[in-house]
There are 2 protein chains.
Amino acid sequence: MPAKLRDVAQKAGVSIKTVSRVVNNQGEISEATRQRVLAAIADLHYRPSKVARALVTQRSDTVGLVLSDITNPFFPEVARGVLDVAESCGYNVFLCNSDGNLERETRILESLVDHGVDGVIIFPTFELEPVLRRLAGPHLPIVVVNRQYDLPGVSTVMIQTRRGAQLAVEHLIRQGHTAIAMLAGQSHEVPQLERVQGYRDVLAAHGLPIREEWIIGGVPVRNRGRESALALLSRYPEITAIFAYNDLLALGAIEACQALGRRVPEDCAIIGFDDIPLAGAVCPPLTTVHVHKYELGRLAVERLLQMLAQPDQTFVPIWADVELIVRASA
Amino acid sequence: MPAKLRDVAQKAGVSIKTVSRVVNNQGEISEATRQRVLAAIADLHYRPSKVARALVTQRSDTVGLVLSDITNPFFPEVARGVLDVAESCGYNVFLCNSDGNLERETRILESLVDHGVDGVIIFPTFELEPVLRRLAGPHLPIVVVNRQYDLPGVSTVMIQTRRGAQLAVEHLIRQGHTAIAMLAGQSHEVPQLERVQGYRDVLAAHGLPIREEWIIGGVPVRNRGRESALALLSRYPEITAIFAYNDLLALGAIEACQALGRRVPEDCAIIGFDDIPLAGAVCPPLTTVHVHKYELGRLAVERLLQMLAQPDQTFVPIWADVELIVRASA
DNA sequence: CTGAAAGCGCTTACAG
DNA sequence: CTGAAAGCGCTTACAG
């Protein structure tokens with residue numbers, strides 16, 4: 001049975017309030033009684049209960065991290081970033097997988113507030129405005145990644161997606177490519193649209209025609225990338241480069257080239273997005289747009305912590321950096 | 001300001017105890033007042049505070065998951081397994097990275113009990129006996145993965161490591177190899193020793209000599225695998241197969257072969273352990289011992305939940321299955 | 001079938 | 001510099 005404040009107080013011969021004061025080192029306390037209390041705490045291995053404290057202070061020193069799937073190679077590093085700084089600031093974090101399912105996102109968010117988290121970081125996959133409007137606020141700051149909501153209590157961290165897409169396509173053009181297709185991914189959410197827009201921007205800027213048949217959507221998984229690239233390359237053999245929505249699609253495209261006997265990058269250059277751990281390990285190693293994932297996680301918690309410290313302030317979006325990594329595939 | 005029990009009681013015109021009863025549906029309640037209470041709950045969007053409840057019941061509906069590093073490709077799937085079943089049973093989980101550091105493991109465990117978790121699952125990297133002896137017990141069940149402690153309140157889930165090693169080496173021998181080296185990994189903890197032991201077992205069983213110079217240790221990372229394999233293969237060109245402690249080392253060994261102009265598997269077969277996502281994606285795709293990671297996570301929480309349900313019972317270790325996946329490298 | 005009281009382990013004003 | 005009282009939002013015996 002763990003020791004409580006009362007046990008410590010009794011042992012030290014003081015009131016519980018005095019013990020509380022030395023634990024939270026607040027208020028003036030005579031050095032003598034302080035030492036006495038400290039000794040009692042050590043003797044009893046006393047550790048204050050965060051749940052009792054949370055009930056009165058309304059601060060639990062916990063935050064929630066909601067992402068679609070920790071198994072998606074994009075997320076472990078992000079999670080590491082948030083966990084590291086959260087821990088160093090005395091917070092513990094609940095990890096939750098939403099599977100990009102609005103109903104689950106909502107349920108998770110509610111369970112998180114039931115548990116009294118101080119704030120949450122979420123990578124949303126859907127339109128969260130109603131939920132955020134209901135849940136977020138001065139009592140529950142929420143930082144949303146890659147989507148902007150102008151709502152009280154919500155702040156955002158954005159990835160420079162469009163710029164990443166531009167870097168990728170510019171690289172291709174610099175290599176002399178003019179027939180560049182895009183594996184565009186699936187949803188019509190901002191991050192997806194931004195990549196396609198970056199692609200269009202750059203083609204237009206270089207006076208290259210935009211061929212809608214060369215922009216092909218689909219679930220961003222490897223097999224789908226393979227199929228899409230196969231279809232594209234068979235139908236339009238003049239294509240010499242492919243920019244993919246993410247690395248998984250790009251990997252599929254490499255397989256498609258191999259199946260068609262097209263060398264990468266000589267016959268068809270391929271470029272991905274995200275720079276997941278796999279990207280550098282396949283052959284040919286993938287040229288891709290690197291997202292600083294650890295940094296992204298770090299930025300997100302830091303922002304959350306700021307919101308916690310200054311509940312009434314509003315914050316401008318943070319933009320997380322992006323970088324082209326040239327390896328062998330393009 | 002969220003609604004409390006008292007608000008609901010007031011609105012429904014009953015005592016808080018009655019509301020509590022319908023919330024936890026315990027005790028007999030007349031259907032009429034039940035409906036009235038339910039209506040008030042819905043009106044007010046009432047959600048019971050888990051922290052208040054935790055203070056009295058000593059159950060927080062949270063558990064801790066402590067692993068060395070979520071960024072290690074072995075862990076995301078494990079985490080997914082525990083998160084999925086935990087969530088389906090109404091638990092939220094704290095994720096913590098220990099970095100295989102005893103001091104951090106201890107600190108994390110303590111912070112977890114401060115937060116009032118109902119139990120924890122830990123992948124230890126060190127000798128945890130003193131800590132477990134102090135912390136674990138009927139009040140705090142702990143399931144330990146891959147290490148056995150015969151302590152009250154601790155239960156274990158083991159991976160069939162030795163069997164996995166045996167499967168790997170037997171496969172090699174079946175392919176006609178007799179000169180088989182081992183990249184043995186680093187620590188001298190059980191999981192490492194078991195792999196080496198499996199390797200020795202099989203060689204001995206087939207009357208093959210065990211050459212200690214062919215068993216070479218080192219941090220289980222890719223670069224180190226490359227270096228070790230390079231050294232091994234240069235010094236002992238008669239080696240025709242390498243069994244690696246884990247996939248990362250195996251990947252490094254493949255690189256070494258490429259550097260030496262040895263074809264894999266023709267000139268040197270290579271086999272790994274774990275079957276991380278990378279394993280199937282490199283070339284040549286890695287033959288390896290698959291650990292059912294999601295399943296492992298699932299088994300661990302299920303065991304924890306059992307311990308929670310039956311605090312005084314003792315449980316025998318669970319053995320998580322392992323399977324040889326033959327791809328191209330061996 | 002329903003309620004009043006006590007208490008979970010702390011902190012927050014308020015006194016002295 | 002130190003303490004007694006009230007209360008955070010619930011549940012647990014105990015009555016009726």
Side-chain angles (χ1 to χ4, degrees), chain A residues 1-38 40-41 44-62 90 110-111 113-118 139-140, chain B residues 1-38 40-41 44-62 90 110-111 113-118 139-140:
Chain A
M1 204 53 49
K4 312 164 192 179
L5 213 45
R6 195 177 10 152
D7 303 323
V8 178
Q10 198 168 317
K11 175 141 197 157
V14 297
S15 74
I16 61 169
K17 175 54 189 155
T18 299
V19 180
S20 172
R21 266 194 276 253
V22 350
V23 168
N24 302 293
N25 53 92
Q26 55 183 214
E28 310 291 289
I29 296 180
S30 79
E31 194 49 28
T33 82
R34 202 166 156 279
Q35 291 306 335
R36 205 138 36 83
V37 170
L38 254 18
I41 287 174
L44 268 30
H45 292 108
Y46 170 71
R47 306 209 106 229
S49 155
K50 290 224 183 197
V51 0
R53 176 183 293 172
L55 187 56
V56 16
T57 61
Q58 306 288 27
R59 281 292 186 103
S60 61
D61 297 346
T62 64
E110 280 168 344
S111 102
V113 339
D114 291 350
H115 279 286
V117 296
D118 296 340
H139 285 292
L140 210 245
Chain B
M1 205 53 48
K4 313 163 189 179
L5 213 47
R6 193 174 14 146
D7 304 323
V8 178
Q10 199 168 320
K11 176 142 194 157
V14 297
S15 74
I16 62 168
K17 175 54 190 156
T18 301
V19 180
S20 173
R21 266 194 275 254
V22 350
V23 168
N24 301 295
N25 52 94
Q26 55 181 216
E28 310 290 288
I29 296 180
S30 80
E31 194 51 28
T33 83
R34 203 165 154 280
Q35 290 307 335
R36 207 140 33 86
V37 170
L38 255 17
I41 286 174
L44 268 30
H45 293 108
Y46 170 71
R47 308 208 106 229
S49 155
K50 291 225 181 195
V51 359
R53 175 184 293 172
L55 187 56
V56 17
T57 60
Q58 306 288 25
R59 282 294 186 103
S60 62
D61 296 347
T62 63
E110 281 169 343
S111 103
V113 341
D114 291 349
H115 278 287
V117 296
D118 295 341
H139 285 292
L140 211 243

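A, B, ... follow the sequence lines: proteins, then strands. Residue 1 opens every chain.
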Whole angstrom value for the distance that separates [atom2] of [N] from [atom1] of [X]:
| X | N | atom1 | atom2 | value |
| --- | --- | --- | --- | --- |
| Asp114(B) | dC10(C) | CG | C1' | 13 Å |
| Lys17(A) | dC10(C) | NZ | C1' | 10 Å |
| Ile16(B) | dC1(C) | CD1 | P | 21 Å |
| Gln10(A) | dG9(C) | CD | C1' | 15 Å |
| Lys4(A) | dT11(C) | NZ | C1' | 17 Å |
| Arg53(B) | dG9(C) | CZ | P | 18 Å |
| Asp7(A) | dC8(C) | CG | P | 11 Å |
| Arg21(A) | dA4(D) | CZ | P | 11 Å |

Task: Note, Asp61(B) side chain near His115(A) side chain (heavy atom, < 4.5 Å) - done: yes
TODO: State, with a plain yes or no, whether a side-chain heavy atom of Ile41(B) is found less than 4.5 Å away from one of Val22(B).
DONE: yes
Open item on the list: Let's see if you can work this out: which of dT11(D), dT2(C), dT12(C) has an atom nearest to the side-chain heavy atoms of Val56(A)?
Closed with: dT12(C)
Open item on the list: Both Thr57(B) and Gly13(B) contact DNA chain C. Which one's nearest nucleotide lies toward the 5' end?
Closed with: Gly13(B)
TODO: Find which nucleotide of DNA chain C each of Ala52(A) and Thr33(B) is nearest to by heavy atoms, and output the residue with the more 5' nucleotide.
DONE: Thr33(B)
Within less than 4.0 Å of OP1 or OP2 of [N], is there a side-chain N or O belonging to [X]?
| X | N | value |
| --- | --- | --- |
| Thr18(B) | dT2(C) | no |
| Ser30(B) | dT2(C) | yes |
| Ser49(A) | dG9(C) | no |
| Gln58(A) | dG9(D) | yes |

Between [atom1] on residue [X] and [atom2] on residue [Y], distance to nearest 0.5 Å:
| X | Y | atom1 | atom2 | value |
| --- | --- | --- | --- | --- |
| Leu5(B) | Leu44(B) | CG | CG | 11.0 Å |
| Thr62(B) | Lys50(B) | OG1 | NZ | 9.0 Å |
| Ile16(A) | Arg6(A) | CD1 | CZ | 8.5 Å |

Open item on the list: Partner lookup for dA13(D), please. Criteria are Watson-Crick or G-U wobble with both distances under 3.5 angstrom; report none if nothing qualifies.
Closed with: none
Open item on the list: Suppose we define a pair by two distances each less than 3.5 Å, Watson-Crick or G-U wobble; what does dA4(D) pair with here?
Closed with: none
